[in-house]
Amino acid sequence: MSLKITVIGTGYLGATHAAAMAELGFEVLGLDVVPEKIALLERGETPMFEPGLEELLRKHVAGIEGSSGRLRFTTDWAEVGAFGDVHFVCVNTPQKHGEYACDMSYVDSAVASLAPHLRGPALVVGKSTVPVGSADRLAAYLAEHAPAGGDAELAWNPEFLREGFAVEDTLHPDRIVVGVRGERAEKLLREVYATPVGEGTPFVVTDFPTAELVKTAANSFLATKISFINAMAEVCEAAGGDVAKLAEAIGHDDRIGRKFLRAGIGFGGGCLPKDIRAFMARAGELGADQALTFLREIDSINMRRRGQMVEMTREALGGGSFLGKRVAVLGATFKPDSDDVRDSPALNVAGQIHLQGGQVTVYDPKGMANARKVFPTLGYADTALDAVRGADAVLHLTEWREFRELDPAALGEATATRLILDGRNALDPELWRRAGWTYRAMGRPTA
Ligand SMILES: NC(=O)C1=CN([C@@H]2O[C@H](COP(=O)(O)OP(=O)(O)OC[C@H]3O[C@@H](n4cnc5c(N)ncnc54)[C@H](O)[C@@H]3O)[C@@H](O)[C@H]2O)C=CC1
Ligand SMILES: O=C(O)[C@H]1O[C@H](OP(=O)(O)OP(=O)(O)OC[C@H]2O[C@@H](n3ccc(=O)[nH]c3=O)[C@H](O)[C@@H]2O)[C@H](O)[C@@H](O)[C@@H]1O
């Protein structure tokens, strides 16, 4: 008999995981505490934009014509407890308000809601990113509070998907990491990730703390690469070097590699920034804070970039106040192919200029609704062309393909000054300069 799977928390991670599990052939039941999300998912619609996800939902959500019917959603914990052999916990673990530490209240609440409904053998699998030590604590909680006692086991299975590639990354991960305490949990997870996902994919079996640490270590390493190249960009700016060439040249050494060396306004999103901070906070609790003091520098290099983009804009506009200046901002999301504006560097830069008196107009292909919610007082336009109309400066802050495909000549007709500042080092400088634009980018000569 095939395993039955539940997915608790149907956000960016959970909705994708639920749809992917159905694609693999399992019967899946997803739960969220937000009924509006569940209502959308039940119609095969996504609460967020993620390429390919809506198609996958429509392929599997029960009640949709032609679907496999393997994927259902609910808000009822008793139904989830009775249904699942394996329960994936995918709820959010944000930064605590005003602190570096991780807010574990959503995970704790999800496990507390599920526990009383675990009456027979079940495996609860944490996928959320948590401080090391959480799995130990939650396993003890389950043993004490689930009617099934020791038969309600826990495992930790961190997730490495990237937004914008969530479906692809879930169906074709580059590794699967499972923290387990016993053979039964390992066997069940091997069954979940058997072919086609598991074919040829490294399957790393480890203990709880190592599994939890693999996740925060991976995100810390990625953040470090980005801040490293942004530090080099700062030096290039001071010395007149070109960070894009530098990144290309060091990247040819395959010990360094070319990926994640794009200098610009830095990293944002719902993960890298809060994960490195939570990691530092947890290391402090463990008395190992010295080991991670470098992450404080990674964080401050990253946050500095946003202010430097604002200053670069001010300087390009002749210095002084932004009052009376019209600034067009292309991009609001923290990365392309996502509608996610959590801790978005683009929105932060737009907001800073707006708060300093600039007249800012933002356009983003998918992030407008979320951006409006977070920053309702910014100006918004329906197209890139509308955003740049009459602008004194155009800021390219999220590297959507749509922006790379813009025609600089046509856009130039609409602006006041043909001045573009590329905060992502993603546009072709020559193309823009040939069309009469002053093109400036972070960490590159002004030419
Ligand atoms: N977004 C991403 O790309 C990735 C996220 N992660 C980790 O996955 C976790 C989830 O992240 P996202 O999906 O981005 O967050 P999200 O905020 O998009 O989704 C979380 C969902 O959990 C629901 N929820 C909250 N409390 C609940 C409860 N007690 N019971 C049931 N549902 C509850 C929320 O309503 C929401 O729909 C975080 O720990 C994050 O660090 C890991 C890898 C990738
Ligand atoms: O834990 C998570 O949630 C996820 O966090 C990141 O994924 P994600 O936040 O979706 O996006 P990334 O592609 O890592 O980009 C993060 C930020 O770094 C920026 N970035 C990325 C690469 C680069 O070279 N330069 C750079 O500034 C992006 O613009 C973006 O703001 C990790 O890449 C995933 O492996 C991980 O699962």
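In each ligand, atom 1 is the first atom listed, and ligand 1 is the first ligand listed.
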Under 4.0 Å between a Lys/Arg side-chain N and an Asp/Glu carboxylate O for E237 and R440? no

Considering only NZ, NE, NH1 and NH2 on the basic side and carboxylate oxygens on the acidic side, decide whether E234 and R304 come within less than 4.0 Å. yes

Say whether G264 and ligand 2 are in contact under the criterion: heavy-atom distance to a ligand atom below 4.0 Å. no

With nothing but distance in play, are any N or O atoms of L222 less than 3.5 Å from an N or O of ligand 2? no

N/O of P345 under 3.5 Å from N/O of ligand 2, yes or no? no

Ranked by distance from atom 25 (N) of ligand 2, the top protein heavy atom is R262 O, 3.0 Å

Could you work out, with ring pair (Phe, Tyr, Trp, His ring centres under 6.0 Å) as the rule, every residue matching Y141, not counting sequence neighbours? H145

N or O pair under 3.5 Å between E163 and ligand 2: yes

Using a strict 4.0 Å threshold on nitrogen-to-oxygen distance, state whether D422 and R444 make a salt bridge. no

Have a look at ligand 2 and work out which part of E159, if any, has a heavy atom under 4.0 Å from it: side chain, backbone, both or neither. backbone

Please examine the side chains of T10 and I38, heavy atoms only from C-beta on, and report whether any two atoms are closer than 4.5 Å. yes

Is there a polar contact between ligand 2 and I226, counting only N or O atoms under 3.5 Å apart? no

Any Lys/Arg nitrogen of E186 or R190 sitting under 4.0 Å from an Asp/Glu carboxylate oxygen of the other? yes

For F267, take its heavy atoms, then give the atoms of ligand 2 lying under 4.0 Å from any of them. 17 (C), 18 (O), 19 (C), 31 (O)

Residue contacts for ligand 1, heavy atom to ligand atom, distance under 4.0 Å: I8, G9, T10, G11, Y12, L13, L31, D32, V33, V34, K37, W77, C90, V91, N92, T93, Y106, S109, A110, S128, T129, E159, L161, E163, K215, C271, K274, R342

Report yes if some N/O of T129 lies less than 3.5 Å from some N/O of ligand 2; otherwise report no. no

Heavy-atom neighbours of F228 CZ exceed 12 at 6.0 Å: no

Under 4.0 Å between a side-chain nitrogen and a carboxylate oxygen: does that hold for E285 and R282? yes

Tell me: protein heavy atom nearest atom 6 (C) of ligand 2, and distance? L272 CD2, 4.0 Å

Taking both backbone and side-chain atoms of F160, is any N or O found less than 3.5 Å from an N or O belonging to ligand 2? yes

Under 3.5 Å, is there a donor-acceptor pair between the Y363 and E402 side chains? yes

Tell me, which protein residue and heavy-atom name are nearest atom 37 (O) of ligand 2, and how many Å apart are they? L161 O, 2.6 Å

Other residues, nucleotides and ligands only: do more than 12 of their heavy atoms fall within 6.0 Å of CZ on F221? no

Mind checking whether N219 has an N or O less than 3.5 Å away from an N or O of ligand 2? yes

Could you check atom 14 (O) of ligand 2 against the protein and tell me its nearest heavy-atom contact, residue, atom and distance included? F260 CZ, 3.1 Å

Considering only non-hydrogen protein atoms, determine which one is nearest to atom 7 (O) of ligand 2 and report residue, atom name and distance to 0.1 Å. R162 CA, 4.0 Å

Is D103 paired with K274 through a side-chain N to carboxylate O contact shorter than 4.0 Å? no

Would you mind listing every side-chain hydrogen bond (donor to acceptor under 3.5 Å, both in side chains) that reaches into residues 263-273, with sequence neighbours excluded? none

Does R43, at its CZ atom, have more than 12 non-hydrogen atoms belonging to other residues, nucleotides or ligands within less than 6.0 Å? yes

Can you sort out which atoms of ligand 2 are near L261, meaning under 4.0 Å from one of its heavy atoms? 24 (O)

Tell me the protein heavy atom at minimum distance from atom 31 (O) of ligand 2, and give that distance in Å. F334 O, 2.7 Å

Check each atom of ligand 2 against the heavy atoms of R424 and keep those under 4.0 Å away; list them by number with element. 27 (O), 29 (O), 31 (O)

Output all residues satisfying side chain to side chain donor-acceptor pair (under 3.5 Å) with K373, sequence neighbours left out; order by chain, then residue number. N370

Is it the side chain, the backbone, both or neither of K225 that has a heavy atom closer than 4.0 Å to ligand 2? neither

Can R262 and E399 be counted as an ion pair, charged N to O under 4.0 angstrom? yes

Donor-acceptor pair between E23 and H60 side chains, under 3.5 angstrom: yes

Which of the atoms in ligand 2, numbered in the order shown and given with their element, are less than 4.0 Å from a heavy-atom of C271? 1 (O), 2 (C), 3 (O), 5 (O)

Indicate, as side chain, backbone, both or neither, the part of K335 found under 4.0 angstrom from ligand 2 when only non-hydrogen atoms are considered. side chain

